[in-house]
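Below, chain A is the first sequence line, B the second, and so on; all start at residue 1.
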Protein chains: 2
Amino acid sequence: MSKAVSGRADILPDLGEVFRAHGYEGTTLALITDATGLGKGSLYHFFPGGKEQMAAEVLAHIDAWFTEHIYAPLRDADDPGAGIVAMFDAVDAYFRSGRRVCLVGVMALGASRDSFAAQVKDYFAAWIDALAAALRRRGDSNAMARRKAEQTVLEIQGALVLSRALDDLKVFARALAAARARLNEKEGAVSEG
Amino acid sequence: MSKAVSGRADILPDLGEVFRAHGYEGTTLALITDATGLGKGSLYHFFPGGKEQMAAEVLAHIDAWFTEHIYAPLRDADDPGAGIVAMFDAVDAYFRSGRRVCLVGVMALGASRDSFAAQVKDYFAAWIDALAAALRRRGDSNAMARRKAEQTVLEIQGALVLSRALDDLKVFARALAAARARLNEKEGAVSEG
DNA sequence: GTCTATAAAGCGATAGAC
DNA sequence: GTCTATCGCTTTATAGAC
């Protein structure tokens, strides 16, 4: 599919879909050309660092999206509960109810993790921090907030894996609904470890 | 590292570690030669179907291991609770407390899933079925058993992703302990979805 | 069964015309 | 900025000697 793009930032979403679908190693310049309509000349003009730079910028783009649409509301919303509700809605929309996979999770599992370890780590650490901050503001202790936040992010990742493995979107829907409900309970929603 | 191997079944574990570490697309015959000590001649003698056959046989080998060490005890142990305890011990040992990644999960996320979709699906479906059977035998309703089983498998996968992303084995340990404890509770351990 | 040699294709990346 | 042509290398896979 070819597409009229003007700036290089415009192609980052398309680029992201290619990496998402094929992984870092599985992504080739030919696939990127197919998805973006840009030849090698243009691609190397925009990204002199080649494939590695493309992936790094895609990860940065994703991180910026999550910061704006998920982490910031979790931290800054007047009502922390509203930030949490907004997070689940945004997660469901972003991952298309389980149709879309988490590129950062894919990178974390693959060998490419070594090259992007810092970005992968920061993404998940920031997510857990932001969610824990909201839970703390809502009344949880520091330790309890962190435990619940870690468990919630973990479940979202597991839901994406299992939903795709079983080819069953209902798995993702159930897991997201369960995590949402659990965060609305008052006590000990996440068992001791 | 070279290694004296006689039969082709002997190299499946080494082969599995290569796929685990590099993913399907990232695995090359050169890497396999390094890990097994076998040249292309031997590799194609054992696996005429090449890389795809190697991956398929590795997945079958993993499935056989889980069937014997995890699914069978869950289904057949006199005490279903003992089968569940044994499952968590085996999972912790198999994934080396989070150091090792789940190859089937890696395959599920990647583009290679298309080629191995049936094997990936069967692995997770069998796991959930076996765990649900144990929970049912222990007194849970059919629906509750299935919900808890799905949630538990999902959390193990999520723990592997997050533990590796954060490069923190304690994440895996906490998640496994929490899932273990939750299955020992009597009521509503998994929230409604 | 294992080796070396090699084929044929695809890879990331570069150069230079326009 | 985009194109074509091309380099140098790696890839999967095969052939044939031993």
Side-chain angles (χ1 to χ4, degrees), chain A residues 1-59 61 103 106-107 110-116, chain B residues 1-59 61 103 106-107 110-116:
Chain A
M1 86 179 85
S2 81
K3 212 173 185 178
V5 288
S6 43
R8 102 207 205 137
D10 296 333
I11 71 165
L12 286 178
D14 284 344
L15 218 41
E17 294 309 314
V18 183
F19 282 117
R20 211 184 290 276
H22 298 91
Y24 182 74
E25 287 88 359
T27 294
T28 66
L29 293 183
L31 285 170
I32 293 174
T33 293
D34 287 349
T36 62
L38 271 63
K40 296 179 215 244
S42 304
L43 290 172
Y44 277 92
H45 173 74
F46 290 136
F47 307 96
K51 209 170 105 169
E52 188 161 345
Q53 184 185 353
M54 297 182 206
E57 295 207 17
V58 164
L59 287 177
H61 189 252
L103 175 58
V106 171
M107 296 287 220
S112 50
R113 190 200 67 140
D114 298 339
S115 306
F116 308 105
Chain B
M1 90 182 77
S2 81
K3 211 173 186 179
V5 288
S6 42
R8 100 205 208 141
D10 296 335
I11 71 165
L12 287 179
D14 284 344
L15 218 40
E17 293 310 314
V18 182
F19 282 116
R20 211 184 290 276
H22 298 91
Y24 182 74
E25 287 87 359
T27 294
T28 67
L29 294 183
L31 285 170
I32 293 174
T33 294
D34 287 349
T36 62
L38 270 64
K40 297 176 215 248
S42 303
L43 290 172
Y44 276 94
H45 174 74
F46 289 135
F47 307 97
K51 208 171 104 168
E52 187 160 345
Q53 185 184 353
M54 296 183 207
E57 295 207 17
V58 164
L59 287 177
H61 189 253
L103 175 58
V106 170
M107 295 288 220
S112 51
R113 190 200 68 139
D114 299 338
S115 306
F116 308 105

Only pairs at least two apart or in different chains count here, so list each salt bridge (Lys or Arg N to Asp or Glu O under 4.0 Å) that has a residue in residues 45-58 of chain A. A:Arg8-A:Glu57
Mind listing the N/O atom pairs, protein and nucleotides 7-14 of chain C, below 3.5 Å?
{"residue": "C:dG12", "atom": "OP1", "partner": "A:Thr27", "partner atom": "O", "Å": "3.1"}
{"residue": "C:dG12", "atom": "OP1", "partner": "A:Lys51", "partner atom": "NZ", "Å": "3.4"}
{"residue": "C:dG12", "atom": "OP2", "partner": "A:Leu29", "partner atom": "N", "Å": "2.8"}
{"residue": "C:dA13", "atom": "OP2", "partner": "A:Tyr44", "partner atom": "OH", "Å": "2.7"}
{"residue": "C:dA13", "atom": "OP2", "partner": "A:Lys51", "partner atom": "N", "Å": "3.2"}
{"residue": "C:dA13", "atom": "O5'", "partner": "A:Tyr44", "partner atom": "OH", "Å": "3.0"}
{"residue": "C:dA13", "atom": "N6", "partner": "A:Lys40", "partner atom": "NZ", "Å": "3.4"}

For A:Ala56, which residues count as a side-chain contact (heavy atoms from CB on, under 4.5 Å) partner, sequence neighbours excluded? A:Phe116, A:Gln119
Set of residues satisfying side-chain contact (heavy atoms from CB on, under 4.5 Å) with respect to B:Arg20, sequence neighbours excluded: B:Glu17, B:Ile62, B:Tyr94, B:Arg100, B:Val101, B:Leu103
Looking at residues at least two apart in the chain, or sitting in another chain, which of them share a salt bridge (charged side-chain N to carboxylate O under 4.0 Å, His left out) with A:Glu25? none
What is the separation between atom [atom1] on [X] and atom [atom2] on [N], rounded to the nearest whole Å?
| X | N | atom1 | atom2 | result |
| --- | --- | --- | --- | --- |
| B:Phe46 | D:dA13 | CZ | C1' | 17 Å |
| A:Leu43 | D:dT4 | CG | P | 13 Å |
| B:Phe47 | C:dT2 | CZ | P | 12 Å |
| B:Leu38 | D:dA13 | CG | C1' | 16 Å |
| A:His45 | D:dG1 | NE2 | C1' | 5 Å |

What donor-acceptor contacts under 3.5 angstrom involve side-chain atoms of residues 37-46 of chain A, with partners at least two apart or in another chain?
none

Do you know the tightest heavy-atom contact between B:Arg113 and B:Met107? CB-O, 3.2 Å
